[in-house]
Amino acid sequence: MSTVRTRFAPSPTGYLHIGGLRTALFSWLFARHNDGIFVLRIEDTDRSRLIEDALGDIIESLRWAGMDWDEGPDTGGPYGPYLQSERRALYSEYTDLLLEEGHAYRCFCSQERLRSMKEKNPGQGYDRRCRNLTAEEIQRHETCGDPFVVRLKIKEGETTEFTDEIRGIIKTNNELIDDFVLMKSDGFPTYHLANVVDDHLMKISHVIRGDEWISSTPKHVLLYETFGWSKPVFAHVPVILREGGGKLSKRHGATTVREFKKRGYLPDALVNFIALLGWSLDDKTEVFSVGELISSFDLARVNRAACVFSYEKLDWFNGMYIRMKDKEELYDLFLPYLVDAGLVPEDSCLHRDYLLRIIPLVRERVKHLSEVCDQVAFFFDEGYVTPGLEFLVQKKLTAADSARILELCSASLQDIERFEVEEIENALRGLVGTTGYKTGQVFMTIRVAVTGRPVSPGLFETMQVLGKKRVQKRLRTSLSVLKKGEQGDNV
RNA sequence: GGCGCUAUCGUCUAGUGGUUAGGACGGGAGAUUCUCAUUCUUCAAACCGGGGUUCGACUCCCCGUAGCGCUACCA
């Protein structure tokens, strides 16, 4: 049994898109599942669309997502180079072969002629004018040094077919296949030529790619056949659309892997989510570790229909993965965001213990890592915002009521020796009994005073972590706000 | 326009001729509770339309419709 070899072959024309990541993932999972080889190949044959740091981004994004490759531009391998721009001699060699055997021909038609032809007969394809040039005509063009492309001669009157692993047999009448370009006038190959030559030379066994390639596959099949090479297995995976249909676009949310990373998505959560876009194991399993994905992935269970990317569901996965992490892991994950927000200094060893006590309180409230800053800010004096009367004075209470609550609170906390959840809870619940206010009114007043906001983690836990001194200080601050308010007007 | 691919709750999907059409996200209601979140319980929600084939179609075939893709010297 021959080894499985798959590849991901992006073109460095932009940052890695989430759809590309999903295609890469399926390809990678399939290779790993079958103890095969996964190859990264860069298709940089369109020099006009190259983007400077795209290659670095692709590599970084794939690595971030947890994928690795056995052969690639950075790691090398027995079938390199893995950058198509460095394989030009190979493409010329194979083009010459086709030319010599009469399967291909030089086309000297100008871009203008091609354009006007298309205007006159839209969708007709190339009219094959250069297919049967005389030796003299060719000679003339050559001596003039006219630029040319190389086109494949499509065999007429036949049908080309191939079996798609997830869609079955797909047949195409050759009349509908253009004498497409193999070699561009700048000496670079087109995708069609380069991908076939490389997949063959690199011994790719399964071509797993987006389904926008279905209609070009007959061209590739024809190439394999005229070279006399055996074909790989083709598997075209469905596209990912945005909600409402259409392409995923920046307007509606993150689209590139680096954006997802920046917004605080965990790679495992993102990978779990996109694995389920077009693939499923059964009718219930939703959460997969990477290892479980590898062991259960199967091309036969890949869906045919396009699917819609749901940011809500991704958020659910992300929250769930965050909740599954322990506090040390979360500390490492949160730190860059906290440093970035200026909440903790770069070398935050000093804050480590404090943060490790805060993290369990906010863990189940964070859906994106980036949200941690907002959740955690009030634990730091710099992030505490002195609450205004509108928050401090609960419904159906006056400023005087609120002040009384805070005074009583402060007094009863003062007596506590061990400032811990149980003691704090006992003190505050006792306080509720003696004042006659409702539990919610009392606790909310204290919450706002101590955290500066109407929403926070559990009150007792929060107070314990803040510490007695800081709590008392904030109670006093809020009291003075209330006192001032009482004098200023009648609230 | 031509050619192709696709079609189950709003979304991701299970289902391969006979099911009360299942699960998840989201939504509704409720429980817990000091707010939010978590957690738990619960409800609503789908087979694109029309023809066949068959004793019987979500499932197979055909047509239509819709969405998407390709129709470049882009990938």
Side-chain angles (χ1 to χ4, degrees), chain A residues 9-13 43-46 48-49 107 109-111 114-115 118 121-126 147-151 164 167 170-173 175-178 180-192 194-195 209-219 236 238-239 241 243-247 273 276-287 301 303-317 319-320 323 361-367 375 394 425 428-429 432 438-448 451 453-460 462:
Chain A
S11 157
T13 53
E43 314 226 324
D44 56 346
T45 54
D46 182 354
S48 69
R49 295 203 308 154
C107 167
C109 292
S110 66
Q111 306 252 22
L114 261 19
R115 203 174 308 129
K118 202 181 299 171
N121 295 310
Q124 284 302 100
Y126 179 58
F148 63 89
V149 300
V150 178
R151 293 179 184 270
D164 185 281
R167 282 157 220 274
I170 295 176
K171 293 180 186 168
T172 308
N173 188 325
E175 306 309 310
L176 298 165
I177 304 174
D178 209 11
F180 61 97
V181 174
L182 261 15
M183 200 54 107
K184 298 184 268 189
S185 56
D186 65 0
F188 278 83
T190 59
Y191 171 86
H192 305 302
N195 112 77
R209 74 219 315 190
D211 71 4
E212 69 268 26
W213 291 110
I214 292 178
S215 14
S216 314
T217 305
K219 294 177 179 171
H236 291 96
V239 290
L241 307 172
E243 359 220 339
K247 277 185 184 143
F273 172 68
L276 260 12
L277 244 31
W279 173 83
S280 65
L281 175 64
D282 53 31
D283 59 341
K284 41 182 72 81
T285 319
E286 291 268 312
V287 180
R301 292 200 60 87
N303 226 59
R304 286 181 292 276
C307 43
V308 171
F309 192 97
S310 164
Y311 290 93
E312 284 82 24
K313 191 153 189 179
L314 205 213
D315 285 352
W316 174 77
F317 269 109
M320 162 159 257
R323 274 173 257 133
L361 304 191
V362 300
R363 174 168 33 202
E364 63 222 22
R365 279 158 243 264
V366 174
K367 276 204 160 68
Q375 301 266 342
Q394 292 297 300
E425 177 160 10
L428 296 190
R429 289 205 188 277
V432 171
K438 287 191 174 136
T439 309
Q441 295 176 316
V442 173
F443 286 4
M444 280 305 289
T445 303
I446 299 173
R447 159 172 290 109
V448 171
T451 68
R453 1 182 309 165
V455 175
S456 82
L459 186 55
F460 318 127
T462 301

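Values below: all heavy atoms of this structure, side chains included; hydrogens, waters and symmetry mates excluded. Throughout, a chain's letter reflects where its sequence line sits, starting with A, and its residues are numbered from 1.
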Set of side-chain hydrogen bond (donor to acceptor under 3.5 Å, both in side chains) partners for A:Thr217, sequence neighbours left out
A:Arg209, A:His236
Taking only residues two or more places apart in sequence or in another chain, which ones pass salt bridge (Lys or Arg N to Asp or Glu O under 4.0 Å) with A:Asp46?
A:Arg49
In whole Å, what is the span from the CG atom of A:Leu281 to the P atom of B:C12?
19 Å
Given the P atoms of B:U6 and B:C63, what is the spacing between them in whole Å?
14 Å
Sugar-phosphate, base or nothing in reach of A:Phe309, heavy atoms under 4.0 Å:
nothing
Just jot down the side-chain hydrogen bond (donor to acceptor under 3.5 Å, both in side chains) partners of A:Gln111, sequence neighbours excluded, or say none.
none
What is the distance from CZ of A:Arg453 to P of B:A37, rounded to the nearest Å?
13 Å
By side chain to side chain contact (heavy atoms under 4.5 Å, CB included), which residues pair with A:Asn303, not counting sequence neighbours?
A:Ala305
Geometric class of the A:His192/A:Phe180 ring pair [parallel <30°, tilted 30-60°, perpendicular >60°]
perpendicular
Would you mind classifying the nucleic acid contact of A:Arg323 as base, sugar-phosphate or nothing, using non-hydrogen atoms under 4.0 angstrom?
sugar-phosphate
Supply the atom-to-atom distance A:Thr445 OG1 to A:Gln394 CD, rounded to the nearest 0.5 angstrom.
4.5 Å
Using the C1' atom as the point on both nucleotides, what is the distance between B:G52 and B:A57, in whole Å?
12 Å
Partner of B:C70 by Watson-Crick or G-U wobble geometry, both contacts under 3.5 Å, or none?
B:G2
Check this one for me: any side-chain N or O of A:Asn303 less than 4.0 Å away from OP1 or OP2 of B:U6?
no
Take A:Gly278 and A:Ile170, find for each the nucleotide of RNA chain B with the closest heavy atom, and name the residue whose nucleotide sits nearer the 5' end.
A:Ile170
Pairing nucleotide - B:U39, Watson-Crick or G-U, each distance under 3.5 Å
B:A31
With A:Cys109 via side chain to side chain contact (heavy atoms under 4.5 Å, CB included) - residues at least two apart:
A:Cys107, A:Arg113, A:Leu114, A:Tyr126, A:Arg129, A:Cys130
Would you call A:Asp282 and A:Arg301 a salt bridge, taking side-chain N to carboxylate O under 4.0 Å as the test?
no
Sugar-phosphate atoms are those with a prime plus P, OP1 and OP2; base atoms are the rest. Using that split, label each nucleotide of nucleotides 25-30 of chain B B, S or - for protein heavy atoms under 4.0 Å, 5' to 3'.
S-----
Nearest-Å distance for atom pair NZ/P, residues A:Lys284 and B:G22:
12 Å
Go through the structure and list residues passing side-chain hydrogen bond (donor to acceptor under 3.5 Å, both in side chains) with A:Asp315, not counting sequence neighbours.
A:Tyr265, A:His368
A:Phe317 has an atom CZ; how far is it from atom P of B:U38, in whole Å?
15 Å
Would you give a per-nucleotide map of nucleotides 40-45 of chain B, 5' to 3', where B means the base has a protein non-hydrogen atom under 4.0 Å away, S means only the sugar-phosphate does, and - means neither?
------
Return the nucleotide paired to B:G18: Watson-Crick means purine N1 to pyrimidine N3 with N6-O4 or O6-N4, wobble means G-U with N1-O2 and O6-N3, both under 3.5 Å.
B:C55
What integer number of Å spans the C1' atoms of B:A14 and B:U19?
12 Å
With sequence neighbours excluded, what pairs up with A:Glu286 under the side chain to side chain contact (heavy atoms under 4.5 Å, CB included) test?
A:Lys313, A:Trp316, A:Phe317
Without decimals, in angstroms, what is the distance between A:Met320 CE and B:A37 P?
17 Å
Distance from A:Asn195 atom CG to A:Ser216 atom OG, nearest 0.5 Å?
9.0 Å
State which residues pass ring-ring contact (aromatic ring centres under 6.0 Å, His included) with A:Phe188; sequence neighbours excluded, sorted by chain then number.
none
Kindly write out the residues that satisfy side chain to side chain contact (heavy atoms under 4.5 Å, CB included) with A:Lys171, not counting sequence neighbours, or none if the list is empty.
A:Thr159, A:Glu161, A:Ile169
For nucleotides B:A44 and B:G4, find the distance between their P atoms and express it as a whole number of Å.
43 Å
Go ahead and name the base partner of B:U11; Watson-Crick or wobble counts if both distances stay under 3.5 Å, otherwise write none.
B:A24
In whole angstroms, the gap separating P of B:G10 from CD of A:Glu243 amounts to 14 Å
To the nearest Å, how far apart are A:Arg304 CZ and B:G15 C1'?
12 Å
Find the distance A:Leu361:CG to B:C34:P and express it as a whole number of Å.
17 Å
If each of A:Leu276 and A:Arg167 is mapped to the nucleotide of RNA chain B with the nearest heavy atom, which maps nearer the 5' terminus, i.e. the 5' end?
A:Arg167
Can you tell me the Watson-Crick or wobble partner of B:C48, both distances under 3.5 angstrom?
B:G64
Sequence-aligned protein contact record of nucleotides 57-75 of chain B, with B where the base is within under 4.0 Å of a protein heavy atom and S where only the sugar-phosphate is
------------BS-SBBB
Between A:Arg301 and B:G15, is there a contact of a side-chain N or O with OP1 or OP2 at under 4.0 Å?
yes
